[in-house]
Amino acid sequence: MLKAYLQEGRIEAGCDEAGRGCLAGPVFAAAVILPPDFEDERINDSKKLTAQQRDEARQIVEENALAWAVAQFSPAEIDEHNIFRSSYLAMHRAIDALTIKPEFLLIDGKYFIEHSDIGHCCVIKGDGKYMSIAAAGILAKTHRDEYMRNLHQQFPHYQWITNQGYPTKAHREAIRKHGPSIHHRQSFRLLPNDEQGSLF
């Protein structure tokens with residue numbers, strides 16, 4: 001079972017992102033505040049769950065969280081700020097959208113851009129250690145996948161319904177054949193022979 005909190009009695013929000021390594025679509029981030037006594041073995045690192053399990057876990061989180069929010073940074077914003085900053089600024093947007101202000105943030109990963117007035121702790125592989133981070137990862141992933149499925153209806157040749165914008169062989173072949181869309185990140189290397197943009 002994942003840990004419920006870092007420090008007992010404090011309002012902690014778990015934060016995670018999804019879509020950092022994609023060639024297309026926004027990067028999504030989520031922030032989640034769970035009840036201190038919340039326990040559910042179905043909440044886990046989203047990468048360890050099937051798509052169906054993630055969808056079920058999303059419903060559990062959204063129905064039981066004290067507060068939750070999902071935000072995004074667009075491809076144009078990613079091109080302007082770079083993906084490293086964009087993923088953390090998307091977290092800031094999610095944090096600011098919470099209906100309850102957290103006293104502390106648990107961040108998945110090694111780095112974070114400090115929020116103006118809320119302390120934080122970075123936890124490597126935190127989505128496999130803390131319930132609130134895992135919950136945030138599930139929301140970020142499922143909301144982003146839903147967004148990309150909707151985009152697929154307008155741009156079916158990129159097959160975002162199956163690759164979610166990640167650099168699969170089929171996705172890159174479609175870019176080669178049809179060119180990039182308005183949803184592609186122009187600062188990324190969309191094709192192997194393109195000039196590599198700055199990922200960080």
Side-chain angles (χ1 to χ4, degrees), residues 15-31 44-58 69-94 107-113 122-128 133-200:
C15 303
D16 201 0
E17 55 77 26
R20 182 183 290 186
C22 295
L23 302 180
V27 61
F28 273 59
N44 203 346
D45 178 353
S46 66
K47 297 182 291 297
K48 297 180 180 179
L49 304 177
T50 66
Q52 181 177 343
Q53 288 172 332
R54 283 194 296 268
D55 288 339
E56 293 171 355
R58 168 181 167 174
V70 177
Q72 58 178 279
F73 240 58
S74 70
E77 290 175 311
I78 292 169
D79 291 337
E80 178 182 354
H81 294 280
N82 76 48
I83 187 58
F84 183 81
R85 287 182 57 82
S86 295
S87 60
Y88 298 125
L89 293 176
M91 286 187 190
H92 284 203
R93 285 181 178 171
I107 309 296
D108 182 58
K110 190 175 181 181
Y111 302 105
F112 185 60
I113 297 174
C122 294
V123 185
I124 297 174
K125 296 184 178 180
D127 49 3
I133 299 179
I138 288 165
L139 294 195
K141 171 65 174 169
T142 55
H143 278 262
R144 188 180 189 282
D145 284 356
E146 182 178 37
Y147 180 93
M148 296 305 293
R149 285 196 299 270
N150 290 333
L151 279 188
H152 169 80
Q153 305 306 316
Q154 303 173 49
F155 301 88
H157 40 277
Y158 297 114
Q159 288 299 304
W160 291 333
I161 196 169
T162 57
N163 62 51
Q164 293 83 43
Y166 283 94
T168 63
K169 182 178 179 181
H171 187 186
R172 282 192 153 136
E173 285 297 324
I175 295 171
R176 181 176 289 109
K177 181 177 180 180
H178 300 283
S181 72
I182 59 173
H183 299 287
H184 281 92
R185 303 171 184 178
Q186 302 302 318
S187 58
F188 278 42
R189 184 174 63 187
L190 300 179
L191 294 174
N193 60 347
D194 279 356
E195 181 178 350
Q196 173 67 61
S198 173
L199 294 179
F200 301 101

Would you say Arg172 and Pro192 make side-chain contact, with heavy atoms under 4.5 Å? yes
So do Arg185 and Val27 actually touch side chain to side chain, heavy atoms under 4.5 Å? yes
Which residues pass the side chain to side chain contact (heavy atoms under 4.5 Å, CB included) test with [X], not counting sequence neighbours?
{"X": "Ala30", "answer": "Val70, Ala136, Leu139, Ala140"}
{"X": "Gln52", "answer": "Thr50, Glu56"}
{"X": "His81", "answer": "Phe73, Glu77, Arg85, Ser86, Leu89"}
{"X": "Pro26", "answer": "Phe28, Gln72, Pro75, Tyr147"}

Residues which pass salt bridge (charged side-chain N to carboxylate O under 4.0 Å, His left out) with [X], listed by chain and number, not counting sequence neighbours:
{"X": "Arg149", "result": "none"}
{"X": "Glu146", "result": "Arg58"}
{"X": "Lys47", "result": "Asp45, Asp127"}

What pairs meet the side-chain hydrogen bond (donor to acceptor under 3.5 Å, both in side chains) rule with one or both residues in residues 154-171, with sequence neighbours excluded? Trp160-His171, His171-His184
Name all residues meeting the side chain to side chain donor-acceptor pair (under 3.5 Å) criterion together with Ser87; count only those two or more places apart in sequence or in a different chain, and write none if there are none. Arg20
Return the set of residues passing side chain to side chain donor-acceptor pair (under 3.5 Å) with Asp145 (not counting sequence neighbours), or none when no residue passes. Lys141
Are any side-chain N or O atoms of [X] and backbone N or O atoms of [Y], one a donor and one an acceptor, separated by less than 3.5 Å?
{"X": "His92", "Y": "Ile113", "result": "yes"}
{"X": "Asp108", "Y": "Asp16", "result": "no"}
{"X": "Arg54", "Y": "Ser46", "result": "yes"}

[X] to [Y] - nearest heavy-atom pair and separation:
{"X": "Phe188", "Y": "Cys22", "result": "CE2-O, 3.2 Å"}
{"X": "Ala29", "Y": "Ala94", "result": "O-CB, 3.9 Å"}
{"X": "Met91", "Y": "Ile107", "result": "SD-CG2, 4.1 Å"}
{"X": "Asn44", "Y": "Ile138", "result": "O-CD1, 3.5 Å"}

Qualifying residues under ring-ring contact (aromatic ring centres under 6.0 Å, His included), relative to His152, sequence neighbours excluded: none
Sequence-distant partners of Tyr88, ring-ring contact (aromatic ring centres under 6.0 Å, His included), two or more places apart: Phe84, Phe112
